[in-house]
Amino acid sequence: MSDPEDDRISLGASPRNAWRVTADSVDMTRQPAQSRPVTVVDQGRRVTFDLSQTAIIVVDMQNDFCHRDGWLAHIGVDVEPARAPIAPLQRLLPALRAAGVPVIWLNWGNRPDRMNLPPAVLHVYDPDGRSTGIGKPLPSNGAHVLEEGSWAASVVTELSPEANDIAVSKFRMSGFQDTELDSILRNLDVRTVLFAGVNADQCVACTLHDANFLGYDVLLLEDCSATTSPAFCMQATLYNVRQCFGFVTSGEAILTAMEKDT
């Protein structure tokens, strides 16, 4: 006779957090992932985290922020600093995917009617209500600024997400506010979050702060993050992350540590 346990079905969006069920049984035990410690150095201090319980969140590497025809460029912002993370992420993300680390793209992706956005958000870069603000068409190509599904809100082509990556739309500076991000991380059994993207002192920092408040361990990847703000804003962000919220490392340091582990 066949073992009825062989008929169990995995029930869960992620194998990291799934039950195994049949019509007359429920197995709620989770199989622990094999630990994979990785050690980096932050200002002389060794920091070890478990790659098997880690995800990377890439924030706002979108055309509106990083493309020369996007929103920020249209309003006169030099977007070259925002493009600096592209090359480091091109090196890092394939290695993380190969190691089973979830890649989460956290991007502005607003409703066409902007009904979930308060005036305080719409006021950004549109203080007189007559400028090219969130949801309005770009004069260059008509794409609606940061609107979900538009060219403006898409990830830059140099960093095209892959099929197994996870996309989360956000509507505030923090990606945890009014989104499913926390639920996704918990379903993935994530304890440590690597942060990358733009702007480091704004959306990246706000999301990182909230991750810390929710109990996640956080590391900011300096070479994979950038800002179009003045240099002192980046300096303050690095200081505050180290002082209050987590640690700072780099994508290159993680790649080197992963190579030592193999």
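Positions are given from 1, in the same order as the sequence printed here.
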Among the clusters formed by ILVMFWY side chains lying less than 4.5 Å apart, do [X] and [Y] turn up in the same one?
{"X": "Phe245", "Y": "Phe49", "result": "no"}
{"X": "Val77", "Y": "Val59", "result": "no"}
{"X": "Ile166", "Y": "Leu89", "result": "no"}
{"X": "Val248", "Y": "Val58", "result": "no"}
{"X": "Leu188", "Y": "Leu51", "result": "no"}

Closer than 3.5 angstrom, by distance alone: can the side chain of [X] be matched with the main-chain N or O of [Y] as a donor-acceptor pair?
{"X": "Arg83", "Y": "Cys66", "result": "yes"}
{"X": "Lys136", "Y": "Ser131", "result": "yes"}
{"X": "Asp223", "Y": "Ser250", "result": "no"}
{"X": "Asn187", "Y": "Ser14", "result": "no"}
{"X": "Asn199", "Y": "Thr228", "result": "yes"}
{"X": "Thr207", "Y": "Gly175", "result": "yes"}
{"X": "Asp189", "Y": "Arg16", "result": "no"}
{"X": "Ser150", "Y": "His144", "result": "yes"}
{"X": "Arg114", "Y": "Ile134", "result": "yes"}

Rounded distance [0.5 Å steps], [atom1] in [X] versus [atom2] in [Y]:
{"X": "Asp217", "Y": "Thr192", "atom1": "CG", "atom2": "OG1", "answer": "4.5 Å"}
{"X": "Arg186", "Y": "Ser183", "atom1": "CZ", "atom2": "OG", "answer": "8.0 Å"}
{"X": "Ser169", "Y": "Glu180", "atom1": "OG", "atom2": "CD", "answer": "7.5 Å"}
{"X": "Cys224", "Y": "Ile86", "atom1": "SG", "atom2": "CD1", "answer": "11.5 Å"}
{"X": "Asp126", "Y": "Thr132", "atom1": "CG", "atom2": "OG1", "answer": "7.5 Å"}
{"X": "Cys206", "Y": "Arg172", "atom1": "SG", "atom2": "CZ", "answer": "12.0 Å"}

Would a 4.5 Å heavy-atom cut-off, applied to side chains only, mark [X] and [Y] as touching?
{"X": "Gln62", "Y": "Val198", "value": "no"}
{"X": "Asp27", "Y": "Val21", "value": "no"}
{"X": "Leu92", "Y": "Leu194", "value": "no"}
{"X": "Thr54", "Y": "Ile56", "value": "no"}
{"X": "Leu238", "Y": "Glu222", "value": "yes"}
{"X": "Leu181", "Y": "Ile104", "value": "yes"}
{"X": "Asn110", "Y": "Val121", "value": "no"}

The complete set of side chain to side chain donor-acceptor pair (under 3.5 Å) pairs with one or both residues in residues 234-246, sequence neighbours excluded, reads Asp42-Arg242
Residue pairs passing the ring pair (Phe, Tyr, Trp, His ring centres under 6.0 Å) test with at least one member in residues 153-197, sequence neighbours excluded, are none
So, [X] versus [Y]: side-chain donor-acceptor pair below 3.5 Å or not?
{"X": "Thr29", "Y": "Arg20", "answer": "yes"}
{"X": "Asp69", "Y": "Ser140", "answer": "no"}
{"X": "Asp50", "Y": "Ser35", "answer": "yes"}

If I compare all heavy atoms of [X] with all of [Y], which pair ends up nearest, and what's the gap?
{"X": "Ala95", "Y": "Leu255", "result": "CB-CD2, 3.4 Å"}
{"X": "Ala18", "Y": "Ser10", "result": "CB-OG, 3.5 Å"}
{"X": "Ala73", "Y": "Arg68", "result": "CB-O, 3.3 Å"}
{"X": "Ser52", "Y": "Arg36", "result": "OG-N, 4.2 Å"}
{"X": "Ala55", "Y": "Leu185", "result": "CB-CD2, 4.2 Å"}

Practice item. Name the orientation class of the two ring planes belonging to Phe65 and Trp71 (parallel below 30°, tilted from 30 to 60°, perpendicular beyond 60°). Key: tilted
task = Under the side-chain contact (heavy atoms from CB on, under 4.5 Å) rule, what do Arg91 and Glu252 come out as? Steps first, then yes or no, please.
result = CA-CA 8 Å; Arg91 293 190 292 273; Glu252 289 300 318; 2.7 Å; yes
Notebook entry, point to check: How far apart are the C-alpha atoms of Asp60 and Lys170, what are their side-chain angles, what is the distance that settles it, and do they pass the side-chain contact (heavy atoms from CB on, under 4.5 Å) test?
Noted result: CA-CA 10 Å; Asp60 290 353; Lys170 66 182 178 66; 3.1 Å; yes
* Asked: After noting the C-alpha distance and the side-chain angles of Asp128 and Arg130, does the key distance pass the salt bridge (charged side-chain N to carboxylate O under 4.0 Å, His left out) rule?
  -> CA-CA 5 Å; Asp128 58 4; Arg130 295 178 174 84; 5.6 Å; no
### Query
Counting only heavy atoms not in Trp19, do more than 12 fall under 6.0 Å of its CH2?
no
**Request:** Determine, step by step, whether Trp108 and Asp64 satisfy the side-chain contact (heavy atoms from CB on, under 4.5 Å) criterion, reporting the C-alpha distance in whole Å, the side-chain angles of both residues, the deciding distance to 0.1 Å, and the verdict.
**Result:** CA-CA 10 Å; Trp108 284 90; Asp64 263 344; over 6 Å; no
query = Going through the checks in order, is the side-chain contact (heavy atoms from CB on, under 4.5 Å) test met by Leu159 and Trp105?
reply = CA-CA 10 Å; Leu159 293 173; Trp105 299 91; 3.8 Å; yes
* To do: Please step through side chain to side chain donor-acceptor pair (under 3.5 Å) for the pair Ser174 and Asp210, ending with a clear verdict.
  => CA-CA 7 Å; Ser174 171; Asp210 276 353; 2.5 Å; yes
